[in-house]
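These notes concern the structure reproduced below.
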Amino acid sequence: MNKSNEPLHGVKLEQILTELEKEVGWDKMGELLNIRCFLNKPRLKSSLKFLRTTPWARSRVEILYLKTFCSKHKGTGNAIRGILAQKTAVTQTTSEKPTPFVWPT
């Protein structure tokens, strides 16, 4: 465990998946997170590719990792709230309609 206030600081996504797979298993991760790449022929390489391109799935995996391995770390609650806030901000910005183009006068 690092000394930073951020429990995910310096932890790579590959390390997160490897540790979760050992602790929880692919099937259980698929059930808990409702992510198909963990249920349908799960492999580390394909899961990493999917999670790197899909922010909502990556945030679920990070939260599961924090709850599983970092529950006693003092910054875990803040990290989870930060991940959820980022997810909410992305959702809000992508759901807004783009402003129509107006020619400058």
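Sequence positions, counted from 1, serve as the residue numbers for this chain.
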In a table with atom names and distances, give each donor-acceptor pair under 3.5 Å that connects a side chain of residues 16-24 to protein atoms at least two apart or in another chain.
from: T18; atom 1: OG1; to: E14; atom 2: O; distance (Å): 2.7
from: E19; atom 1: OE1; to: Y65; atom 2: OH; distance (Å): 3.3
from: E19; atom 1: OE2; to: Q15; atom 2: NE2; distance (Å): 3.0

Output side-chain donor-acceptor pairs under 3.5 Å for residues 45-55, partner residues at least two apart or in another chain, one line each.
from: S46; atom 1: OG; to: R43; atom 2: O; distance (Å): 3.2
from: S47; atom 1: OG; to: R43; atom 2: O; distance (Å): 2.9
from: T53; atom 1: OG1; to: K49; atom 2: O; distance (Å): 3.2
from: T53; atom 1: OG1; to: F50; atom 2: O; distance (Å): 3.1
from: T54; atom 1: OG1; to: F50; atom 2: O; distance (Å): 2.8

Quick one: side chains of residues 26-42, donor-acceptor pairs under 3.5 Å with protein atoms, not counting sequence neighbours, listed by atom name and distance.
none

